Amino acid sequence: MKALLIFAFTVALSFAQESELYVLGVHPHGIVIFDGTRHEIAGQIQTRGRAPKELVPSPDGKFVYTTTDGRAKLEVVNLETRSIDRVLEITPPGYRLTIYGLVLNGKGDRLYVHVKPVRELIDRYVVDPPQIWSVDVATGKTQKVAEVPQGVAALALTKDERKLIAWGRDLYYIDVAQNRITDTFPLMNQPSPTAGALNTLALFIQFERSGIFSIPYYTRDPITAKDLMGLVNLDVANGKVDVVELGSPIPLYSAVVSPDRKHAYAVMNQLLAIDLEKKRITQITDLERTRYVANISRDGKRLFVSGAAPFIHVYDTATLQLIKTIELPGDPSVTSFRALPAR
Amino acid sequence: MNHVKPVNRKARMVERAAKHGAGDVKALQSLPLGCSLIFDPGWETDAAGGVSGLCQPVEADLYGCYDDCWWPAQVPDQLTNYLSWSDSCAAAERDWRKLDLIYPDR
């Protein structure tokens with residue numbers, strides 16, 4: 001009985017001490033591991049290429065896949081050894097690739113990347129159509145999935161893994177088996193003249209807490225000529241979209257949804273708290289500097305705000321009070337800020 | 001305008017563009033959609049002609065513009081031409097004096 005109690009106490013203690021970890025890239029060559037429980041930097045990893053952008057953790061939390069060197073390199077970061085395992089060589093000879101959008105399947109053995117290939121010929125460059133490739137993580141072998149229109153910035157994969165969702169000027173649903181776009185949710189290209197184009201910038205991807213990929217939109221009502229803003233909320237599991245109108249525009253770069261899906265928080269020069277059920281902004285606070293991106297703790301009580309300048313600010317989500325500022329070794333710039341899966 | 005006829009190649013191109021539209025701009029193929037197209041934060045002034053919608057301070061946004069080439073005329077671009085520009089300066093807000101000017105190749 002005593003041994004059982006000691007075992008139970010040890011297990012409880014290890015759970016209590018388990019930290020929530022986050023990763024973000026920094027200039028000039030690094031990834032920072034941030035401890036969201038203790039509000040401190042837990043480690044740094046030197047990347048081979050410069051300025052990591054996309055960061056996609058593996059389901060077991062042991063690896064992170066990242067794009068570096070002007071989105072041209074795809075690196076495999078080993079979080080246990082705190083080093084780069086390898087660089088996936090996916091660029092065909094004579095080409096230059098720019099990667100905007102990276103997602104991993106549930107098993108962790110296949111990456112989907114959105115690439116913008118340019119053929120570098122002796123006398124000219126030839127721009128090939130943007131396309132999505134699947135990459136075998138073990139071998140680095142690539143296979144073309146489908147071509148997509150210009151403007152795609154991010155990728156998501158539905159829970160059943162049958163559809164990739166490419167976020168560009170519109171949302172494109174790509175059937176992985178059929179290798180083609182089978183459905184489109186209009187954002188910029190509205191079918192009705194009474195609806196204004198929804199202008200979004202899907203560069204900041206952090207939906208791991210809620211499963212909702214939320215991006216601010218801006219539009220002009222074609223009837224009233226009034227400028228409006230809101231959130232486009234994509235449920236990554238099933239691909240359903242909810243457009244939440246919030247009123248007059250406030251410049252925002254990105255948003256994150258709370259784990260209970262009741263609130264969202266958006267940042268640029270201000271930090272906004274949004275009630276998603278009532279569809280209204282409930283609090284606004286001025287930030288001391290421009291921020292690009294925010295992520296949220298597992299319990300939804302702490303907001304970690306970063307991007308742009310070399311800091312992570314910790315905010316209380318109930319009051320929007322600043323709790324702590326952590327200085328980073330370099331500018332995160334337009335990096336992703338992702339939560340690592342619990343291990 | 002009905003009485004104006006194009007007399008040189010450029011004028012004919014302008015007329016064709018006006019008639020058929022410019023189509024997709026492939027010169028910007030490296031970008032998904034610049035933030036300038038999202039809410040016009042602007043470089044010197046914001047969409048409303050003021051400065052409150054600009055990034056603050058400007059150094060905080062410097063690498064954002066550099067990394068993804070939002071303002072290729074004002075800031076060097078990392079995507080194609082100046083990959084190593086930020087090597088000597090990890091944080092622009094702290095150490096912007098370490099950043100060098102860019103002299104394009106002639």
Side-chain angles (χ1 to χ4, degrees), chain A residues 26-30 49-51 53 69-72 96 98 100-101 114 116 118 127-128 130 149-154 167-169 188 199-203 216-218 227 229 249-253 268-269 287-292 307-311 327-335, chain B residues 23-42 45-48 50-70 72 75-96 98-99:
Chain A
V26 291
H27 271 264
H29 301 84
R50 295 172 176 89
K53 295 289 179 297
D69 266 358
R71 298 178 180 272
R96 181 192 154 77
T98 311
Y100 274 99
H114 165 242
K116 298 160 91 59
V118 176
V127 177
D128 282 357
Q150 293 281 359
V152 169
W167 196 315
R169 289 171 181 155
M188 286 294 282
N199 206 336
T200 60
L201 176 68
L203 271 190
Y217 76 81
Y218 294 85
D227 289 332
M229 63 164 263
I250 297 171
L252 296 168
Y253 274 118
M268 184 184 160
N269 292 341
L287 298 175
E288 60 185 56
R289 55 172 59 78
T290 297
R291 310 322 320 243
Y292 293 154
F311 303 95
E327 195 159 347
L328 295 170
D331 279 357
S333 187
V334 282
T335 177
Chain B
D24 216 352
V25 183
K26 290 192 175 177
L28 293 175
Q29 69 85 31
S30 290
L31 302 174
L33 275 172
C35 59
S36 54
L37 297 174
I38 302 304
F39 49 79
D40 297 323
T45 60
D46 63 21
V51 294
S52 63
L54 300 181
C55 289
Q56 300 162 6
V58 66
E59 295 88 349
D61 189 44
L62 198 57
Y63 284 170
C65 299
Y66 162 62
D67 285 355
D68 277 322
C69 197
W70 303 123
V75 182
D77 70 276
Q78 191 196 48
L79 287 183
T80 48
N81 295 310
Y82 302 104
L83 194 60
S84 60
W85 184 62
S86 70
D87 280 2
S88 59
C89 174
E93 194 178 314
R94 262 194 318 250
D95 301 321
W96 58 269
K98 292 180 182 170
L99 289 168

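When reading the values below, keep in mind they use all heavy atoms of this one structure, side chains included, and skip hydrogens, waters and symmetry mates. Residue numbers start from 1 in every chain, and the chains themselves are labelled A, B, ... in the order their sequence lines are given, proteins ahead of strands. Model, not experiment: these values are computed from the prediction.
Using a 4.5 Å heavy-atom cutoff, the side chains of A/Leu203 and A/Tyr253 are not in contact.
Of all the heavy atoms in B/Glu59 and B/Ala92, the pair that sits closest is O-CB, 3.6 Å. The shortest heavy-atom contact between A/Arg71 and B/Asp68 is NE-OD1, 2.8 Å.
Contacts between A/Leu287 and chain B at a heavy-atom distance below 4.5 Å are absent for every atom of the residue. Of the atoms belonging to A/Asp69, heavy atoms from both backbone and side chain fall under 4.5 Å from chain B. Neither the backbone nor the side chain of A/Tyr217 comes within contact range of chain B; no heavy atom of the residue lies under 4.5 Å from a heavy atom of that chain. Looking at B/Ser88, neither its backbone nor its side chain comes within 4.5 Å of chain A, counting heavy atoms on both sides. Residue contact with chain B, scored on non-hydrogen atoms closer than 4.5 Å, is absent for A/His114.
Using cut-offs of 30° and 60° on the angle between ring planes, the pair B/Tyr66 and A/His27 is tilted.
Between the side chain of A/Tyr218 and the backbone N or O of A/Leu252, at least one donor-acceptor pair lies under 3.5 Å.
Among the candidates A/Leu328, A/Val26, A/Thr335, A/Asn269, the residue making the largest number of heavy-atom pairs closer than 4.5 Å to chain B is A/Asn269. When each of A/Arg291, A/Glu288, A/Arg50, A/Met229 is checked for heavy-atom pairs under 4.5 Å with chain B, A/Arg50 comes out on top.
Looking at B/Asp67 and A/Ser333, their side chains do bring a donor and an acceptor atom within 3.5 Å of each other.
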